[in-house]
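Naming convention: chains lettered A, B, ... in sequence-line order (proteins, then strands); numbering from 1 in each chain.
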There are 2 protein chains.
Amino acid sequence: MTIIDPSAETLTIREMCDTYQVTARTLRFYEAKELLAPIRSRSKRLYTKQDRARLQLILRGKRFGFSLEDIRQLLDMYNRNGSNQAQLARTFDLGQDRLAQMKAQAAELQIAIAELEEELQGASAALAAFRAAAE
Amino acid sequence: MTIIDPSAETLTIREMCDTYQVTARTLRFYEAKELLAPIRSRSKRLYTKQDRARLQLILRGKRFGFSLEDIRQLLDMYNRNGSNQAQLARTFDLGQDRLAQMKAQAAELQIAIAELEEELQGASAALAAFRAAAE
DNA sequence: CGTTACATTTACGTTAACGTCAAGCACTCT
DNA sequence: AGAGTGCTTGACGTTAACGTAAATGTAACG
């Protein structure tokens, strides 16, 4: 028999919005894209702990510029959804590719940071000269 | 005979496309957005060495997810366009902010890389188990 | 039972960064 | 002169990730 679990730590859509700084539209949009699947209590959405974990992963993915479609596929891996070997192998490969991309991006980013710092050195010197002249 | 224009320090739009792997539409689009300003030889665009340098900066900026509008502002800094102190100071601040953002992004990226690597460890182990069972 | 306060669905609007025609010059070769 | 090619300027189309508005539902409060 299925117990309804009164201690259900579920959040309403509004509580989710406040907690994670997203709009209700965003949550429904993610659901439409099959990134989330909250339970429904008579036409209302209820977000479980798993839903919240998924949302956090989604938001983290977005911070790195991954598309929602990318994220949807990555979520499968994080969930070890790959119940069969072929599926698991595919998501594994996908993760490998992504990892390589991220490392490349990190390397480029380091270079860009160094270059920008150098630029700012020059700008800083120019500013100092200006201020000295304004004396 | 066709003169090859020995002093040709300029490239046509097509040569630019081939050299930098962008479409003509893209180059015209950047021009409309005031990121580029090639000279015109009787209704035709000619790209100078400076134009090419700018394009390279644009493309590099894009690789890091900067918007074209962001890039347009950064170009001002790279060009030391800030002929007056106020302008220079503003672009300098803009660069500072950008640098901070990039460093934060780099830090987050490192964390994400570590996490993803860990995930892949698990997935790899699961795959190995599968293959062993298939023996 | 009416009002207030959110929820939900449906659907059109928005922005960025181009893609994709369409129609017309301007050459150059034949 | 005619044909072909490349370049030009519109101008509408496209995708992602939501925003925003309208119409409707429902739950709790007094």
Length of the CD1-C1' vector between Ile58(B) and dA16(C), whole Å: 15 Å
Donor + acceptor pair across side chains of Thr48(B), Gln50(B) (<3.5 Å): yes
Distance below 4.0 Å between Arg28(B) side-chain N/O and dG19(C) OP1 or OP2: no
Heavy-atom side-chain proximity of Ile39(B) to Tyr47(B) below 4.5 angstrom: no
Residues in contact with DNA chain D, drawn from residues 13-21 of chain B - heavy-atom cutoff 4.0 Å: Ile13(B), Arg14(B)
NZ/NE/NH1/NH2 to OD/OE distance under 4.0 Å, Asp51(A) and Arg45(A): no
Phosphate contact (dC27(C) OP1 or OP2) by Lys44(B) side-chain N/O below 4.0 Å: no
No-H, no-angle donor-acceptor pair, Arg42(A) side chain to dT26(D) base, under 3.5 Å: no
Between dT20(D) (C1') and Leu27(A) (CG): distance, integer Å: 16 Å
Between P of dA17(C) and CD1 of Ile71(B), the distance in whole Å: 8 Å
Value in whole Å for how far the P atom of dA7(C) lies from CZ of Arg40(A): 12 Å
Sugar-phosphate only, base, or nothing, as touched by Lys33(A) at under 4.0 Å among non-hydrogen atoms: nothing
Lys44(A) backbone acceptor or donor facing Ser41(A) side chain under 3.5 Å: no
Distance test, side-chain N/O of Arg45(A) to OP1/OP2 of dT8(C), below 4.0 Å: yes
DNA chain C: 5'-proximal contact among Ser43(B) and Phe66(B) (nearest heavy atom): Phe66(B)
4.5 Å side-chain heavy-atom contact, Val22(A) and Leu59(A): yes
Side chain of Ser67(B) - closest among dA17(C), dA11(C), dA17(D): dA17(C)
Arg28(A) vs Ile13(A) side-chain heavy atoms within contact, under 4.5 Å: yes
Chi angles and distances behind the salt bridge (Lys or Arg N to Asp or Glu O under 4.0 Å) call for Glu117(A), Lys103(B): CA-CA 11 Å; Glu117(A) 272 177 336; Lys103(B) 284 186 173 177; 2.8 Å; yes
Rounded distance in Å - CG (Leu35(B)) to P (dA16(C)): 13 Å
Rounded interatomic separation in angstrom, taking CG from Leu59(A) and P from dA17(D): 13 Å
Phosphate OP1/OP2 of dA17(D) contacted by Tyr30(A) side-chain N/O (<4.0 Å): no
Phosphate OP1/OP2 of dA17(C) contacted by Thr26(B) side-chain N/O (<4.0 Å): no
Nearest-Å distance for atom pair CD/C1', residues Glu31(A) and dT9(C): 12 Å
Any Thr23(A) side-chain nitrogen or oxygen under 4.0 Å from OP1 or OP2 of dC18(D): no
Side chains of Gln101(B) and Gln105(B), donor plus acceptor under 3.5 Å: no
Residue Thr12(B), side-chain atoms from C-beta onward, closest of dC7(D), dG19(C), dA17(C): dC7(D)
Whole-Å gap separating C1' (dC6(C)) and CG (Leu11(A)): 16 Å
